[in-house]
Structures are given as C-alpha cells and as structure tokens.
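Remember, predicted model here, so these are calculated numbers, not experimental data. Heavy atoms only: backbone and side chains are in, while hydrogens, waters and symmetry mates are out. So you know, we letter chains A, B, ... as the sequences are listed, proteins then strands, and number each from 1.
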Number of protein chains: 2
Amino acid sequence: MTLKDLAQLLGLSPTTVSRALNGFPEVAEATRRRVEAAAAAQGYRPNSQARRLATGRAMAIGHVIPLSTQHEMVNPVFADFIAGASAVYARAGYDMVLIAVADADQTRAYRALRAQGNVDGVIVHGPRAGDPRIALLTDLGLPFVVHGRASGVDLPYAHVDVNSARAFERATRFLLDLGHRRIALVNGLEEMDFALRRRRGYERALVERAIVPDPRLLISGEMTEAQGYDAARRLLARADPPSAFLTSSLLSAMGVRRALWDLGLEMGRDVSILTHDDELGYFRNGAEEPIFTATRASVRIAGRRCAELLLAQIATPGAPPVAELIEAVLVVGASTGPAPGAPP
Amino acid sequence: MTLKDLAQLLGLSPTTVSRALNGFPEVAEATRRRVEAAAAAQGYRPNSQARRLATGRAMAIGHVIPLSTQHEMVNPVFADFIAGASAVYARAGYDMVLIAVADADQTRAYRALRAQGNVDGVIVHGPRAGDPRIALLTDLGLPFVVHGRASGVDLPYAHVDVNSARAFERATRFLLDLGHRRIALVNGLEEMDFALRRRRGYERALVERAIVPDPRLLISGEMTEAQGYDAARRLLARADPPSAFLTSSLLSAMGVRRALWDLGLEMGRDVSILTHDDELGYFRNGAEEPIFTATRASVRIAGRRCAELLLAQIATPGAPPVAELIEAVLVVGASTGPAPGAPP
DNA sequence: CTGTTTTGTCAAAGCGCTTTGAAACGACTG
DNA sequence: CAGTCGTTTCAAAGCGCTTTGACAAAACAG
C-alpha cells in the first residue's frame, strides 16, 4: 500500500493525501477525516526511506559507541543511558542507530555518517580530555551532544554532564569530616574525562584541608568488581592503609567490600566506603535505604536530557550550544562511619 | 557531492559511475580505477536514503527491546549482546536500529516496522513462553531471529539459545554429587522462557535422584544483587535451610554471597553457590580462576550468531529457519564444596 | 453581476540513487 | 568488407514520498 494506491482508492491526488496525513492546513476537514479513516483501514504507513529522501531528514540519531580493541567492552551504563534517550526519540518519531566503531576508525566513521546522511545528529559517548571528535563534528556541521565533557577543548559544544568534580569534592569532604585522613580513590580509567574530574574534586578537597594527596592511594582502571577487590587488598596490606575508599562505581565498591570481608574488617566501622552511583536499573544501591553512602546521579536522566538537547538543536539549527550540569546528590548509607581512632 | 556531480566531473554518466563503484563487471577496469580515485579524492559517499529507496533494502536490522512498564529496566546482558551483533552488522554494511517499545505496543511496533520498511529484519529479545511475536513476524514475513526460545510455539523459527535446561541439569547434578540435597534455585522472572527452562533442568536432575523439588526453595524475580541477598537471608533463616544455591546470574550470586557473610557462613564450605555466567565484559567471574563455580556461556557470542543467522536469512529468503543451541561449560570455582555432614 | 480573494485540489518536478533497455564502438568472423 | 558479437557507455525510468506552483471552485466585496 503506497501513497499513490491510497490516493487512487480515495479518488484524490497523492498531494492531497500526503497533506492530509501530515496535518497541513490547506486541506478540508472532511477530506482529512476521510483520508485518515482510509489510511487506518488500509494500515497505510508511509515508506520511511522515501520520506527521508524527499525531506532530506534522516529522522535518526546516531550513537557511536567506541570499542577499544584492548578492553573491548561496552560500558555497562550504556544500557541505561539508551533507555533514557530512546523514550525521547520514540516520542519524536526518531530512530536510534547504534554504531559501534573501533577507536582507530572514529574519524572515518563520523565523516561517513555525515556524507551518507543516515543520521541527523549524534550523541558522543565516553569523551576524553581534549577529545578530537568535538572539533571534527563542529567542523562537519553535524549536530551533536556530548555525554560528559572534554577538558581542554575550547570550542563551545552542547553537553550534559554530572558535576563530577563537585560530587567527589563533597564526598571527600564528607569523609574528612568523619575524621578520615588516608582516603583511597578507586577511579575509572583516567583517559576518560569524567575520571579526571573526579580526581580533581578529590584532590581539591584534600588540599583544602592541607592534606597532600598520596599517589599510592590512587587507583585507576576499568571499573569492575575485581578492580575494587584487588585495589583494597593491595592497599590494606600496606603499613599505612587507608581508612576510607572513594570508588567510582558500585561494582568497584562491592569489590572493596568483599576485600573487607576477606580481611575480617567491618564496613562502616573499620573502613568506610563511599561510591558514585549511576542508578542503573539492574543494579540498585539498596531498595529503601542505601547500602553504600554514595554520590548519586541517574545516567538514565542524563540520556533523556542528551536526547532532548540534541532534538532541540536539530529543530533550531542556528541556536548556540546548550550545556547542562547535573548535580549529584550525596545519600548516606551504612558504609561510612567515623575514622577509627579519630577524635569524636 | 552527489553521484551526478561526480559523474559530471569525470565526464561520465551517473550509470557508469554507479556501476563502477558497486563493482559491476561491465565497466572497463581503467574507468573503474579512475572513478574510484575521483570518489576517494572528493570524499564521495552515496546517500544512504537514496540508495535504500532505489534498492528497496533498508540495510538495517532492528532490535526491539521490550520495556516493561512495571520494571522499566534494560536487561544488563543487552550491552554485551549488542557488542557481539554490531561487529557483524558493521562488516556487512548494515545499520543497527534500536527500538524500545512498551510491552503493550509490541504488535503495533512490529507492524509499523514492516509497513514503513525501515529494517530488513529484526532480532527478538526476551522471548516468553508462547510468545505471540513469533507468529506475528512469521505472518508479516519479516525476517527475524529470536535470542532464546519460546516454549509452546509450534512454528519453526530461527533462534540462537543457550541450552539452559541442560546447563542447569548438569549444575544441579554437580551439586547433588557433592552431597547436597536441599538446593535452592534463585531464578529469573519465570515469565521469561529461559527461566522456565532452567527450572525444568533443575527439577529434572532432582527427580532423577528421587528428590521431590521443594517449591519453597524456588525463588523467581528480577536478577539483581538484592534478589540474591534477600532470597538467601530468607531461606537460610528457615529450620531446613538449603546447603546450596543455584543462581541465574552473577549478580544474584553476589547477593547470596553477601548474605552468607552477614550470617558468618563460609562460601564453598558451609553453603555452596553455583551460578550461571553470561560472561559480560564488565562483570567477569574472576580473572584467571573463577570465583564462582558456574555454567558459562557468552552472551556476546550469542549476539554474534544471531546477527549472522539473520543476515544469512535476509540474503537467502527461501531457506528454512536455522536454530542454534549453545552448550554452556561448567567451570569449577571456589564457591562449591561437599555438603556439610554428607558422607565423603 | 463582475472582480477579487480565499479555499481546496492537483499535476509535475524533484530528492539521489539503481536498473533497464538501447546504443555506440571496436574486434572478430567468414 | 559486410555482418556478427562482446564490450563499454548512456539516457531515461523508477523507487515512494514531499513540495512547488497553478488552477478550479467557492466565498466575498463592491
């Protein structure tokens, strides 16, 4: 069933049918109703390829997910981000196209996307410091929104990010206030911009209290349960072990917790844990009451906002890029307590 | 830069340029080289919408991910599945389109996909017993591959699944051989077909040894850390607690492990845990040596096979549907041991 | 009742590509 | 050297839609 068929069936021209279905004003109300009824009855759906070619709009948003060859892993927050974004796209009639690209091919991939015109815009995932993709996309004139930020990029660009530095600064202060002086940071890969920011926030809070950050308390790596476990085992075996751990993900926090158990230490009493929590749907930090004290910010909401910003940008090409910073909430759970031996 | 532009530039007709670039034989080798060089120099990329309209092929695969409104969560295995599938699509020049659809709209969504023609085929995720989508898609004539199976569907349909029943049967036998008699099953939501199959395998192994499955040892729910924890706390508080837990996911297993710690029980000695492991990239079961004894089958590989089967099906429309069963491997870790008090 | 506007409809062009059918050109055959 | 054939190229049609510009028909004004 094509537009032409439907038009013929109704004794109308394709023009009128098209206009009727697309809500143009210059079509008689009676005709519109007749057309709509026939379309529904016939189960008519405009062919999207044809429509796209005719309008010049792809009605699709690309998500380019970087696949590092070394650690070829799809970020686990991705699923939740997607869930947030897809609802927005669905409502606006956009498709969501996933494009997994090896790190080395990024530039080529974006150029191809632009030239082939199969997306109207892209979401940039996993930005790094000075990420070249921002300049590239700006140059290509392909609308984009970055999930996160890229330090050292001067150009203005649209992005949605959690205020990581602030969150980790507050988290560190919270631990300092509890009397902790040796606080370990179990961070993500510091190639990633968010990890850098988190570190900066952590260091800022320490310096503010005249504590020199100890590089031996800094761990950086893939945020897994094993990472947290290994880090904690290693650091707690030292002569001057940390009394608190600040971790970048719930998984890492769980790893630290396991290490504490192995060592017969009690979480929240002997050693404190404070983690960042992305509020992943399948991985909650306790139901009512949080298990871990955490800085909390929903990745799903970030996904939604990214999508909304991108669609707005596509709708209004001239507008200046919008940036949005999400403040994390510090929720107190059972994993933190006063540093052992600290004055009350 | 359009095909016409490029043709004009070369003093050739669009026809010839098109054929040269698409590898048709009736073009002189010298001309082809000339065209290819010019295309590369100009950075020419055929507009995908136009190509799609002309060829009638969408060059895209749809992944419809069901979003239950109650527990609106994207399955965490999804990210890994995608990673496996996307590599296949990329190599074949296909796009991957994600379509998140509320449960209620499934039928409408598939019909729309078909009528709009924006995908050449779909992967069906999260099949349930007697899943109506299989009949619907067969009826629509839209090529599809199911990730998993749907009990009670008679039609032949292409699918890739782990032999869950067999895996859980073997896992249960393994525990029985260690002397365990009360074995709890912490399963996924039993609306899902794979959960049903796992249960069947578990029950089969018990019955085989003349043990009547105790319904009080059956837990079914969202596979989270909290689920495992809650289930274990509840069951271990009983007068007749289980001596072993069989869980459907590493997350649940971790929850059970936490409960053991809370109760001062040692994993692998006082209580055993055996879990299924999807080998998610960001969530490994130990680096060299597995932490948990597990039935292991990679979701990523399932994703890859699904994609390959679907592309093959699209390439050869007449062919009968292919099914593929992946056998899980039973890897022995530190989480299992002889049942306490059992004869050696 | 004529002239002007508004309203509703349509034919035709165009989006950028593929593909069909025909034509031009040498090369080969008898 | 005419006739045939294989090779290479092209003009034109078509994919299914949107959109421009024109045109009747109806509504209004003078």
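Shown here are the salt bridge (Lys or Arg N to Asp or Glu O under 4.0 Å) partners of Asp193(A), two or more places apart in sequence or in another chain: Arg197(A). Remark: Phe144(B) pairs with no residue by the ring-ring contact (aromatic ring centres under 6.0 Å, His included) rule, at least two apart or across chains. Applying the salt bridge (Lys or Arg N to Asp or Glu O under 4.0 Å) rule to Arg51(B) yields no partners; only residues at least two apart in sequence or on another chain are considered. The side-chain hydrogen bond (donor to acceptor under 3.5 Å, both in side chains) test applied to Tyr94(A) returns no partner, not counting sequence neighbours. Remark: Asp5(B) pairs with no residue by the salt bridge (Lys or Arg N to Asp or Glu O under 4.0 Å) rule, at least two apart or across chains.
Stem analysis of DNA chain C (at least three stacked-register Watson-Crick or G-U pairs, each with both distances under 3.5 Å) gives C:1-30 with D:1-30.
Among pairs with a residue in residues 81-99 of chain B, those fulfilling salt bridge (charged side-chain N to carboxylate O under 4.0 Å, His left out) read Arg52(B)-Asp95(B), at least two apart in sequence or across chains. For residues 132-146 of chain B, every residue pair satisfying the salt bridge (charged side-chain N to carboxylate O under 4.0 Å, His left out) rule, not counting sequence neighbours, is listed here: Asp131(B)-Arg133(B). Within the structure, salt bridge (charged side-chain N to carboxylate O under 4.0 Å, His left out) contacts touching residues 308-324 of chain A (residues at least two apart or in different chains) are Arg305(A)-Glu308(A), Arg305(A)-Glu324(A). Residue pairs meeting the side chain to side chain donor-acceptor pair (under 3.5 Å) criterion with at least one member in residues 29-44 of chain B, sequence neighbours excluded, do not occur.
Atom-to-atom, CD of Gln116(B) to C1' of dC17(D) comes out at 13 Å; the value is rounded to the nearest Å. To the nearest angstrom, P of dT20(D) lies 13 Å from CG of Asn22(A). The interatomic distance linking Leu21(A) (CG) with dG16(D) (P) rounds to 17 Å, in whole Å. Here dC17(C) presents its P atom at 16 Å from CZ of Arg57(B), a figure rounded to the nearest Å. dC17(D) atom P lies 9 Å from atom CZ of Arg51(A), rounded to whole Å. We find that CG of Leu3(B) is positioned 13 Å from C1' of dT19(C), with the value rounded to whole Å. The distance from atom CZ of Arg52(B) to atom P of dC17(D) is 17 Å, rounded to the nearest whole Å. Atom CD in Gln8(B) sits roughly 14 Å away from atom P in dG16(C) (whole-Å rounding).
With rounding to the nearest 0.5 Å, the separation of CG in Leu311(A) from CG in Asp120(A) is 9.0 Å.
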Below 3.5 Å is the cut-off: list the nitrogen or oxygen pairs between protein and nucleotides 23-28 of chain D, distance only.
none

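One finds a side-chain N or O of Tyr44(A) lying less than 4.0 angstrom from the OP1 or OP2 phosphate oxygen of dC17(D). For dG16(D), neither phosphate oxygen OP1 nor OP2 lies less than 4.0 angstrom from any side-chain nitrogen or oxygen of Thr2(A).
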Let me have a per-nucleotide readout for nucleotides 9-15 of chain C, 5' to 3', with B, S or -, counting only protein heavy atoms under 4.0 Å.
BBBB-BB
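You'll find the side chain of Val146(B) reaches within 4.5 Å of the side chain of Tyr157(B), heavy atoms only.
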